[in-house]
Participant: 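The following block contains the structure, expressed as structure tokens.
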Amino acid sequence: ASNYPPIWPYPQSFTNGSTTVSVDPNFKFAASMQSDDLDAAFKRFDALFFPHRANNGGVLNNVAIMVQNVTEQLQLYSDESYTLYIPADGTAAISITAQTVFGVYNALQTLSQLIVFDFNTQTYQVSLAPWRITDFPRFKHREVLLDSSRHFEPVQTIKNLIDSLTYAKINVIHWHIVDSQSFPFDSPTYPLLGQKGSYSPQERYSMDDVADVVEYARQRGVRIMIEIDNPGHAASWCPGYPDVCPSTTCLQPLNPATNATFDLMAGLFRDFTGGVRGGGVVFDNMFHLGGDEVDTSCWTNTPAIASWMKQQGFTADQTYEYFVKRAQAITHAQGRDVVGWEEIWNHFGTQLDKSTIIHQWLPGSKVAVAATAAGYRVLWSTDGVWYLDGLQVTWETMYVQEPCVGIPDNLCNTLVLGGGGEMWGETVDTSDIQSTIWPRLAAIGERLWSPRTVTSTDAAHVRMANFRCLLNRRGVAAAPINNPTARSAPPGPGSCLDQ
């Protein structure tokens, strides 16, 4: 095995030659349409292409970019495809074609991996030219889950994470922003949530912080999908607004017997969505409502709720269904497609609105097979193989998973949206977030981007080692790839390529 192609994730199709061609660090970018987003990207990529001071001159000195649309809003179905041509001599420019700026970003990421500094000659070079690459993601949705409730993750930490995601063409942060442990978001509509539910006064996000993260991500082609888990995983709501919880001793699931609960949810959701499709501070049209791990004993053991359930003629299970339906109606009214953990499929099946997206997570689950067969879209993040908090799960195990096992190709291509690595935050804060996520997320990234036939961990091993070293050179704290336990220290002296 060798570091070939020296590109992560593996492109859909490519050809190359055998020529080494030099690159001028005084590189010029020229796009067919003016775009502030592209201008900002060119500055970022200039620094990424040329991290070392080098001798001037070089055969390749400009890149010509043909882009069709520079104003499209970033959403699930945005076109991320590109072509990249790198000639073997200076008679032509490096050329990129893409439908959108998001495709241009992906092309520039690929180019950044092909431009290599030669320390002996103090020049930049591309090996194996000419390169012709035609590339696009196999799956549209390639996420990492960020849990900012078990531990607060500061804005700068999230921005550093966003930068690192782009290197592997990961395009979504699934922001599990609140949970039972803490409520770090300062809701303008319900301010006591964050004031009383956060760990400390400083461990909070203002609305401007969220807007800042969303915009930083958008400029890099990364979507932000918010998750407000309910009716379970919500004990942190109680200090600020006790009436939305069953009692002071039994905190969750949220109180279904009062409209105050649903009014609060509508106001809180609107803080993010603006109440309209494609609108609001978090403009992504996918909104995750959780719905997992709901223990209804608080409802049946709280007299006021038990008597309300009796009045309604509800069992505990029917109360859960009532709650989920109201939460989904609120979300649909604000122009969002609901994403929910697989428990909602297990309860409702085909009663769910057809726009609902089912997120598979339970170990060994086959929910994706059943849901796609019934015409529903799915995400795939199965615990035990794609949970990044599982520190014993190796990159090789993550690499060989296939979301479409048992699913016909036509459904795989249309209804399996993708999935990703879930980084639950019980033991993750700024000190170890990058080494928990990287380099293992790269294995998931290649599975979700590259052709289904690219499955050999032996063939990927040298490329994976090289990509991990590249992450390190770019300041990302990616852990050694060969340790049996993730995020553990290097075993001793040695090259990053060998550890």
Participant: Salt-bridged, D337 to R377, with N to O below 4.0 Å?
Facilitator: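 A salt bridge is present here (some side-chain N lies under 4.0 Å from a carboxylate O).
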Participant: Given the ring of Y216, does R220 sit roughly above its face, with NZ or CZ under 6.0 Å from the centre of the six-membered ring and within 45° of the axis?
Facilitator: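 Judged by the rule (NZ or CZ under 6.0 Å from the ring centre, within 45° of its axis), R220 counts as positioned above Y216.
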Participant: Hey, would you say the H52 and F119 ring centroids sit under 6.0 Å apart?
Facilitator: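 Ring centres of F119 and H52 closer than 6.0 Å.
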Participant: Among side-chain atoms of D135 and Y82, is any donor-acceptor pair under 3.5 angstrom?
Facilitator: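 The answer is yes; a qualifying pair exists.
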Participant: For F27 and F50, I'd like to know if the aromatic rings sit close, meaning centre-to-centre distance below 6.0 Å.
Facilitator: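 Ring centroids of F27 and F50 are less than 6.0 Å from each other.
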Participant: Below 4.0 angstrom, N of the basic side chain to O of the carboxylate: do E402 and R138 qualify?
Facilitator: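 Salt bridge present between E402 and R138.
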Participant: Quick one: is the NZ or CZ of R474 closer than 6.0 Å to the six-membered ring centre of Y167, and within 45° of its axis?
Facilitator: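 So R474 does make the cation-pi contact.
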Participant: Could you tell me how the ring of Y387 sits relative to the ring of W424: parallel (under 30°), tilted (30 to 60°) or perpendicular (over 60°)?
Facilitator: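 If you compare the ring of Y387 with that of W424, the planes turn out tilted.
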Participant: Go through the steps for W341 and Q360 under the test side chain to side chain contact (heavy atoms under 4.5 Å, CB included), then give the verdict.
Facilitator: CA-CA 6 Å; W341 297 113; Q360 176 173 311; over 6 Å; no
Participant: Is the closest basic N to carboxylate O distance between D147 and R150 below 4.0 Å?
Facilitator: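 Salt bridge flag = yes for R150 with D147.
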Participant: How are the rings of F45 and F49 set relative to one another: parallel (under 30°), tilted (30 to 60°) or perpendicular (over 60°)?
Facilitator: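 If you compare the ring of F45 with that of F49, the planes turn out tilted.
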Participant: How about F117 and Y124: are their ring centres within less than 6.0 Å of each other?
Facilitator: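 That pair passes the under 6.0 Å test.
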Participant: Should the pair D37-R218 be classified as a salt bridge under the 4.0 Å nitrogen-to-oxygen rule?
Facilitator: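 A salt bridge is present here (some side-chain N lies under 4.0 Å from a carboxylate O).
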Participant: Assess R447 against Y399: is NZ or CZ under 6.0 Å from the centre of the six-membered ring, and within 45 degrees of the ring's axis?
Facilitator: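 Yes, a cation-pi geometry.
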Participant: Should R142 and E80 count as an ion pair when the cut-off is N to O under 4.0 Å?
Facilitator: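 Here R142 pairs with E80 in a salt bridge, since their nearest N and O are under 4.0 Å apart.
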